[in-house]
2 protein chains.
Amino acid sequence: MPRSKSYDENTVLERAMNVFWSNGYEATSVRLLEKQMGINQFSIYSSFSSKKKLFIKSISKYREHVRQNVYQTLLQEGAGMKELEQYLLKAVQKKREPGTSRGCLVVNTAAEIGGSDDEIAAEVNGYFNFIREMLRKVLKTAVEKGEISPDTDIEKQSAFFLGVMQGLSVASKTMDPVQLNDFISVAVKQIK
Amino acid sequence: MPRSKSYDENTVLERAMNVFWSNGYEATSVRLLEKQMGINQFSIYSSFSSKKKLFIKSISKYREHVRQNVYQTLLQEGAGMKELEQYLLKAVQKKREPGTSRGCLVVNTAAEIGGSDDEIAAEVNGYFNFIREMLRKVLKTAVEKGEISPDTDIEKQSAFFLGVMQGLSVASKTMDPVQLNDFISVAVKQIK
DNA sequence: TATGTATCTAAGCAATTGGTTAGATATGAA
DNA sequence: TTCATATCTAACCAATTGCTTAGATACATA
């Protein structure tokens, strides 16, 4: 009997994610969100309850986004060192492209919010656990394939590459492509 | 003839720096600043012109702060690999201490503001150039001392360690001490 | 000791913040 | 075709934002 929604929650959530990604949490106003999402404040609140809840949902949407568009190759069965290296170099190349790099939404959030909000911190930690798990598997596969030494300490190396990826997010905003490439090439070389 | 200031600009600037460091730029209100700085809004604006200018001055104050309290050893003549390693391990140890790590003010700023404000971006770049220059000198000294190979590519390695330090700032908020230690130990080992 | 001047207090400014609500509107089952 | 119900519009809310200002205050000089 009731009227049906005129928008798709998934679609407007993806738009919200992009607004937060571009501007950060605090600098994103609900007015800006309604413009970019294309729906009224009422609809934002009826679908997502609060700005903070919408932000948290944007982070989990981001996780889905990178899973499908950034890490898809790395997440495939059999992905090893070659794929990891390719991903890192592609991230460097992207820096040459138009506009300022937005970095990683979750790194930006960790830097901006830190641990001062428990719910947001939980979502951030969940994301990084997902990345670390991905790295562990990739490195294990790399050992199995003989791409890296069987003596490789998987735990140490996955912590290392997670740290490198966090650094890369910041560095992509502050380093030129040459320095970025130097950074990554040293990080990759050490495991060979 | 005129009345004299009842506060020291340097002192209140250091307090402002700490407020921005704890909360980030956007989340820091001028009301909070006046409370923490211990002076009235009028005095803030008469001494620092605007919130943004105060923030930029806080970043350069931060540079002075780390120069004297964080990197003092690394900046000494003759500092090499041992000092670099000591600094990194100390940064890891600090994570065990009370409260959530605030990370590096400038990394936080790079993540929050990115390149969307030119004046702030310039201050951020100046800071990272200072760090990179410090790293270059330390690595050169390390070569001279025979701590690392004379074939070491100073440019690549200084870009690498700058990236690692940027990662460390984020990681100190999201990793536990064990993972942090893994991250740093791999970063240091690769140069030996 | 008197006084000119910058400093300080505290109130105020318009604009924006996150969030709510009353009433108009559209929809899909009966 | 009716009608109950959820969706939508747009105005509204108090609180807070960065910043300004008029007038009271205190101090270095004369």
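Chain naming here is simple, since letters A, B, ... match the order of the sequence lines and numbering starts at 1 in each.
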Subject >> Distance test, side-chain N/O of Ser6(B) to OP1/OP2 of dA26(D), below 4.0 Å >> reply: no

Original post:
Phosphate oxygens OP1/OP2 of dA28(D): is one of them under 4.0 Å from a side-chain N or O of Ser4(B)?
Top reply: yes

Original post:
If you look at every strand shown and take non-hydrogen atoms under 4.0 Å, does Ser46(B) touch a base, only sugar-phosphate, or nothing?
Top reply: nothing

**OP:** Taking side chain to side chain donor-acceptor pair (under 3.5 Å) as the test, write out the residues that go with Glu85(A), two or more places apart.
**Re:** Lys192(A)

Original post:
In chain order, what residues pass the side chain to side chain donor-acceptor pair (under 3.5 Å) check against Asn40(A), with sequence neighbours excluded?
Top reply: none

Original post:
In whole angstroms, how far is the C1' atom of dT7(C) from the OH atom of Tyr7(B)?
Top reply: 8 Å

Original post:
Do the side chain of Arg3(A) and the base of dT27(C) come within less than 3.5 angstrom through a donor-acceptor pair of N or O atoms?
Top reply: no

Subject >> Test salt bridge (Lys or Arg N to Asp or Glu O under 4.0 Å) applied to Glu26(B) - qualifying residues, sequence neighbours left out >> reply: none

**OP:** With sequence neighbours excluded, tell me which residues meet salt bridge (Lys or Arg N to Asp or Glu O under 4.0 Å) with Arg136(B).
**Re:** Glu133(B), Glu155(B)

**OP:** Anything under 30° is parallel, anything over 60° is perpendicular, the rest tilted; go ahead and classify Tyr71(B) against Phe130(B).
**Re:** perpendicular

Original post:
Nucleotide by nucleotide, 5' to 3', does protein get under 4.0 Å of the base (B), only the sugar-phosphate (S), or neither (-) in nucleotides 13-22 of chain D, counting heavy atoms?
Top reply: ----BBBBB-

Which pairs would a plain distance check flag for residues 50-57 of chain B, meaning a side-chain donor or acceptor within less than 3.5 Å of a matching protein atom at least two apart in sequence or in another chain?
residue	atom	partner	partner atom	Å
Ser50(B)	OG	Lys53(B)	N	3.1
Lys51(B)	NZ	Tyr25(B)	O	3.1
Lys51(B)	NZ	Thr28(B)	O	2.8
Lys52(B)	NZ	Asp117(B)	OD1	3.4
Lys52(B)	NZ	Asp117(B)	OD2	2.9
Lys52(B)	NZ	Glu119(B)	OE2	2.9

